Q: 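First the structure, then my questions, so here it is.
Side chains included, hydrogens not; waters and symmetry mates left out as well; all remaining heavy atoms used. Note that this is a predicted model, so its numbers are computed, not measured.
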Amino acid sequence: MISTINRFWYVRHSVVRFDTELHPIDDGIQIESRCVKKGRSDMCTMSPLLGWKCVALESGKKRVVVRRFTDRMNRLTRQNPLLKSSHPQARTSVAFLLLLLLCAFTSIHAAEPIDADLLLANGTLHLGDGQPPSLGDVAIREDKIVAVGEFAIGKVKRTIDCTGLIVSPGFIDLHNHSDDPVTRKETRAVVNFLTQGCTTIVTGNCGSGPVNARTYYDKIDEFGVGVNVAHLLPQGSLRREVIGNEQRRATDDELTRMKELADKAMQDGAWGMSSGLIYVPSSYADTAELTEIAKVVASHHGIYASHIRGEGTDLLDAIGEALEIGRGAKLPVHISHFKSSGKDSWGLVRTAVDAIERARTAGQVVTADQYPYTASSTSLSATFIPAWVRSGGSKQMLARIEAGEESQRAQAAIRKKLEVTDAGQRIQIANYTPRPEWAGRRLKEIADEEQIEPFDLILQIEKNGGAQVVNHSISEEDVRFVMQLPWVATASDGSSRIPNEEVPHPRSYGTFSRKIGHYSVREQAVPLPQAIRSASGLPADILGLKDRGYLRPGYFADVIVWSENELIDRATFDSPHQYSDGIRYAFVNGTPVISDGDVTGALPGRALRHKSLEK
């Protein structure tokens, strides 16, 4: 006997033990496995003359599974000269490989037939773990996955042939701004994300959104939603509720009140806290204040996700602050839309990566997310005007810029930003209500047409209510570098939309299909299993989702079926309202939301409440 190994398999909610023995024989290797629970012995023999044979097998429904196993082993034997060898040492050297294959077989053989509402058959299975795919089936019953891979098939209500198609977990968007859209009738189906393969989104990002998590979740469950929704406590909105938009330190009483509200949000199911440290009033909180509130989040095992205080030449200081908050509060840190923005900071993201990886090596939990585009998007004011100038609202902001002792400093900051955006040529108007025809056009082009300076155009727009813009400020080389990092998830920074006259950033329609279809499949910039993991298993791990993000029995049936060669983004910066192609089927909690390429209109998504477990 070469070896005896005890193997335990999880089969239909009970532990089954297999005692496995390997025996050298004259013309091959004999492997015998006894199922302790079943009291049955199975034996496989590998011979260069006879091929694989299986004896002591039951007849009936399992015969097809057995035939599939033996056929594969015979193909493997024919393809590998080492496995054909009759030399004893050669046979011994492959014994443990054969044992692993047998264990896979015995787990199939021991399991009872799986009944299912839906069988996704013969697909290329990417499990969400970053490992190479395998061929197999996925069985779904009600809202759960009940089997993955090769298994005995029982009664099945519906079968979809997935031959030539990829079956993977539905994608999880860690950074989404659909807080309001998911509560509105026209956008709660979240179709522009379903067509990318997204089945779960995370709201409350950049420090903005509902503070009362219970009310928000209840509203989602009452009216329905196309995807699952998890929520972060937005620190900026929290500060506004307690202090307002004033630029000052919180009093002891105000800090206590913010911590009480944070505790309530976490008890009501928030998954962590976000900050938006370039926005008002989130940016008015100092590091100490953020750390104190983050300690409350940490006591409930939440995360801290931050739109850091700077993404340009001040990137390293901003990363340092986020890491300091994580260390001080003892909770995981997540960097939102990780990048170095502005041509004067291109390449700096590589130095930031070094700092993060040193922290990770030292044991700190640090991750990030990224959208695969060379442009960002936010308000015109946040793009050009420093947070201290924006204190107190639009009226006070304009007064500081146009007159007074702070005017020169404020104007210098705006003009410096104009310089690094090529006098506004890198800035594209997404939405400006007084002049909707400006949408899609560059700031400098409009200024030239209006015969005014770009600086004066900025003030004119701000006096008329402001605008949303797209900022073409990111290096393509930086984008490709960041997406290859194993701790960087894919995330959109977008929101649920329907086509209208605006010209927003295309990320709301194409983030996930672009990362996988363009950068992974077509450009080969990142291996496909890693690209899929960055959109499924990795974000689930970052957030702490224990039952989504992977193709595993017992997990919720958020599953997509798609064509590797067809999945692609269609949205562009000039024409962003175009849905992605390539998703054949999508299921949210087992309910089809895309069927044969068509959106069904179903609203099976759920509010995902984090289970608060205080340390």
Side-chain angles (χ1 to χ4, degrees), residues 120 123-136 138 145 148-149 165-176 193 196-202 227-228 230 271 303 305 332 334-338 353 356-357 360 365-372 479-492 510-564 567-569 580 582-583 586-587:
L120 303 175
T124 300
L125 307 185
H126 281 267
L127 305 184
D129 57 5
Q131 297 302 307
S134 60
L135 297 178
V138 175
I145 298 170
V148 177
L165 300 175
I166 289 176
V167 182
S168 75
F171 302 145
I172 299 171
D173 188 1
L174 280 177
H175 193 101
N176 199 285
F193 281 93
Q196 299 178 55
C198 285
T199 55
T200 298
I201 64 172
V202 181
V227 298
N228 302 304
W271 293 82
I303 70 169
H334 183 75
I335 308 300
S336 299
H337 38 65
F338 185 39
V353 166
I356 291 173
E357 292 193 334
R360 286 170 56 87
V365 179
V366 190
T367 54
D369 63 56
Q370 177 209 42
Y371 45 77
V479 169
R480 290 172 179 261
F481 171 73
V482 169
M483 72 171 53
Q484 296 177 54
L485 299 169
W487 42 268
V488 173
T490 303
S492 75
T511 290
F512 292 85
S513 44
R514 180 172 181 79
K515 169 69 173 286
I516 293 172
H518 174 70
Y519 279 106
S520 180
V521 175
R522 289 160 179 78
E523 293 290 310
Q524 302 287 300
V526 59
L528 183 58
Q530 181 182 337
I532 293 172
R533 170 165 168 72
S534 77
S536 54
L538 178 60
D541 294 345
I542 290 170
L543 194 63
L545 285 167
K546 302 299 184 184
D547 48 16
R548 300 179 194 271
Y550 293 91
L551 292 185
R552 290 174 179 167
Y555 275 49
F556 284 97
D558 298 337
V559 182
I560 56 175
V561 180
W562 47 284
S563 168
E564 178 178 342
L567 183 66
I568 195 65
D569 60 312
S580 294
I583 301 295
F587 303 89

Q: Does a side-chain heavy-atom distance below 4.5 Å link Ser534 with Val488?
A: no
Q: Taking all atoms of both residues into account, what is the closest heavy-atom pair of Arg480 and Ala525, and its distance?
A: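 Reported closest heavy-atom pair: NH1-CB, 3.9 Å.
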Q: Check Ser536 against Gly128 and note the closest heavy-atom contact, atom names and distance.
A: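 Heavy atoms only, the tightest pair is OG-CA, 3.5 Å.
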Q: May I ask you to test the Pro529-His126 pair for a side-chain heavy-atom distance under 4.5 Å?
A: yes
Q: What heavy-atom pair brings Ala535 and Phe512 nearest, and what distance separates the two atoms?
A: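 Result for this residue pair: CB-CD2, 3.7 Å.
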Q: Between Ser520 (side chain) and Val526 (backbone), is there a donor-acceptor pair under 3.5 Å?
A: yes
Q: Just checking, is any N or O donor in the side chain of Thr200 or Asn228 under 3.5 Å from an acceptor N or O on the other one?
A: yes
Q: Would you say Asp369's side chain and His337's backbone share a donor-acceptor pair under 3.5 angstrom?
A: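 Yes.
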Q: Any donor and acceptor pair, going by atom type alone, linking the side chain of Gln196 with main-chain N or O of Ser580 inside 3.5 Å?
A: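 It does not hold such a pair.
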Q: Can you tell me how far CD1 of Ile145 sits from CG of Asp558, rounded to the nearest 0.5 angstrom?
A: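 Going from the CG atom of Asp558 to the CD1 atom of Ile145 covers 7.5 Å.
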Q: State, without any angle test, whether Asp173 and Tyr371 hold a side-chain donor-acceptor pair at a distance under 3.5 Å.
A: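 Short answer, no.
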Q: I need the minimum non-hydrogen distance between Thr199 and Gly170, along with the two atoms involved.
A: OG1-CA, 3.3 Å
Q: About how many Å separate CD1 of Ile172 and SG of Cys198, when rounded to the nearest 0.5 Å?
A: 9.0 Å
Q: Please test Val148 against Leu125 for side-chain contact (heavy atoms from CB on, under 4.5 Å), starting from the C-alpha separation and ending with a verdict.
A: CA-CA 9 Å; Val148 177; Leu125 307 185; 4.0 Å; yes
Q: To the nearest 0.5 Å, tell me how far Leu545 CG sits from Tyr555 OH.
A: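 The OH atom of Tyr555 is 9.5 Å from CG of Leu545, to the nearest 0.5 Å.
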Q: Looking at Arg514 and Tyr519, would you say the former's side chain and the latter's main chain have a donor-acceptor pair under 3.5 Å?
A: no
Q: May I ask you to decide if the ring planes of Trp487 and Phe338 are parallel, tilted or perpendicular, using 30° and 60° as cut-offs?
A: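 Trp487 vs Phe338 ring planes: tilted.
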Q: Can you check side-chain contact (heavy atoms from CB on, under 4.5 Å) on Leu551 and Leu127, steps first, answer last?
A: CA-CA 5 Å; Leu551 292 185; Leu127 305 184; 3.9 Å; yes
Q: Would you compute the distance between atom OG of Ser168 and atom CD1 of Ile560 and round it to the nearest 0.5 angstrom?
A: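 Answer for the OG-CD1 pair, Ser168 versus Ile560, is 3.5 Å.
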Q: Name the residue from Gln370, Lys515, Arg533, His175 that meets the side chain to side chain donor-acceptor pair (under 3.5 Å) definition with Thr490.
A: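 Result: among Gln370, Lys515, Arg533, His175, Lys515 is the only option passing the side chain to side chain donor-acceptor pair (under 3.5 Å) with Thr490.
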Q: To the closest 0.5 Å, what do you measure between CG (Leu174) and CD1 (Ile303)?
A: 7.0 Å
Q: Please name the pair of heavy atoms, one in Pro133 and one in Thr124, separated by the smallest distance, quoted to 0.1 Å.
A: CB-CG2, 3.6 Å
Q: After noting the C-alpha distance and the side-chain angles of Tyr550 and Asp129, does the key distance pass the side-chain contact (heavy atoms from CB on, under 4.5 Å) rule?
A: CA-CA 7 Å; Tyr550 293 91; Asp129 57 5; 4.0 Å; yes
Q: Any idea which heavy atoms bring His518 and Ile568 closest together, and the distance?
A: N-CD1, 3.7 Å
Q: Between atom CD1 of Ile583 and atom CZ of Phe171, what is the distance when rounded to the nearest 0.5 Å?
A: 6.0 Å
Q: Does Leu543 form a side-chain contact (heavy atoms from CB on, under 4.5 Å) with His334? I'd like the steps, not just the answer.
A: CA-CA 9 Å; Leu543 194 63; His334 183 75; over 6 Å; no
